Amino acid sequence: MKNFGNSVDHLFRFLLVGGISTIVNYVVFLILFEKCGQQYQVASVCGFLTGVAVGFPLNKKWTYKVNFNNKSCYFCRYGIIYFISLLVNLYVLKFLVKNIGIDARIANCISIIVTTIINFIGTKFWAFRV
């Protein structure tokens, strides 16, 4: 039962950190897409990477409370999870915009929701394995 409690605590913390990272991600996306005229895919990648840069240290130190031994292992695993997540994000985004005709701003929100699930499972059970 202790593992379930840890999972709930990790999920709560992950969602809180994810909320912060998502806000950063989406603000960067909107600025690049609406104010700078970047293509929605480019704006999405930049926002995504900025969100990852904010989320990694917070997840490592606060969500999963991982000690700093073998830092590169955590970073590499985290990077792999988020690279896969980025590919899924871009696929979902393109599918929603091109095939269904959803506005890129809304499609980006939907793709963020999809990738959040991948990110939590990947970080909890592989990247930080706590």
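None of the values given here were measured: they were computed from a predicted structure.
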Exercise for the section: Please work out which of the three classes, parallel, tilted or perpendicular, describes the rings of Tyr82 and Phe48, given edges at 30° and 60°. Expected result: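 Phe48 vs Tyr82 ring planes: tilted.
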
[Y] side chain reached by [X] side chain, heavy atoms, under 4.5 Å:
X: Arg13; Y: Leu16; value: no
X: Leu86; Y: Val52; value: no
X: Leu58; Y: Thr63; value: no

What's the shortest heavy-atom distance between [X] and [Y], and which atoms?
X: Asn89; Y: Ser44; value: OD1-OG, 3.1 Å
X: Phe33; Y: Ala104; value: CZ-CB, 4.0 Å
X: Gly51; Y: Val24; value: N-CG1, 4.4 Å
X: Ala127; Y: Arg77; value: CA-CB, 3.6 Å
X: Ala107; Y: Val97; value: CB-CG2, 3.8 Å
X: Tyr40; Y: Phe29; value: O-CE1, 3.6 Å

Distance in Å, [X] [atom1] paired with [Y] [atom2], rounded so as to fall on 0.5 Å steps:
X: Asn108; Y: Gln41; atom1: CG; atom2: CD; answer: 10.5 Å
X: Asn25; Y: Leu30; atom1: CG; atom2: CG; answer: 9.5 Å
X: Ser111; Y: Leu93; atom1: OG; atom2: CG; answer: 5.0 Å
X: Leu96; Y: Asp103; atom1: CG; atom2: CG; answer: 11.0 Å

Problem - Modelled atom types, side-chain donor and acceptor of Tyr64 and Thr123, under 3.5 Å - result: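 There is such a pair between these side chains.
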
Give a yes or no on whether [X] and [Y] share a hydrophobic cluster (residues Ile, Leu, Val, Met, Phe, Trp, Tyr; joining criterion: side-chain heavy atoms under 4.5 Å apart).
X: Val114; Y: Ile102; answer: yes
X: Phe12; Y: Val54; answer: yes
X: Phe120; Y: Ile112; answer: no
X: Trp126; Y: Phe14; answer: yes
X: Ile118; Y: Phe95; answer: yes

Exercise for the section: Under the side-chain contact (heavy atoms from CB on, under 4.5 Å) rule, what do His10 and Lys65 come out as? Steps first, then yes or no, please. Expected result: CA-CA 10 Å; His10 290 156; Lys65 299 177 184 175; over 6 Å; no

Handout entry: Set of residues satisfying side-chain contact (heavy atoms from CB on, under 4.5 Å) with respect to Ile113, sequence neighbours excluded
Key =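 Applying side-chain contact (heavy atoms from CB on, under 4.5 Å) to Ile113 gives none.
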
Exercise for the section: Check whether any side-chain N or O of Ser85 sits under 3.5 Å from a backbone N or O of Ile81 as a donor-acceptor pair, and report yes or no. Expected result: no

Handout entry: Test item: Tyr26 side-chain N/O and Arg105 main-chain N/O as donor-acceptor pair under 3.5 Å
Key =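 Such a contact is found between Tyr26 side chain and Arg105 backbone.
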
Exercise for the section: Determine whether more than 12 heavy atoms belonging to other residues, nucleotides or ligands lie under 6.0 Å from atom CD of Gln39. Expected result: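 Check fails, neighbour count at 12 or below.
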
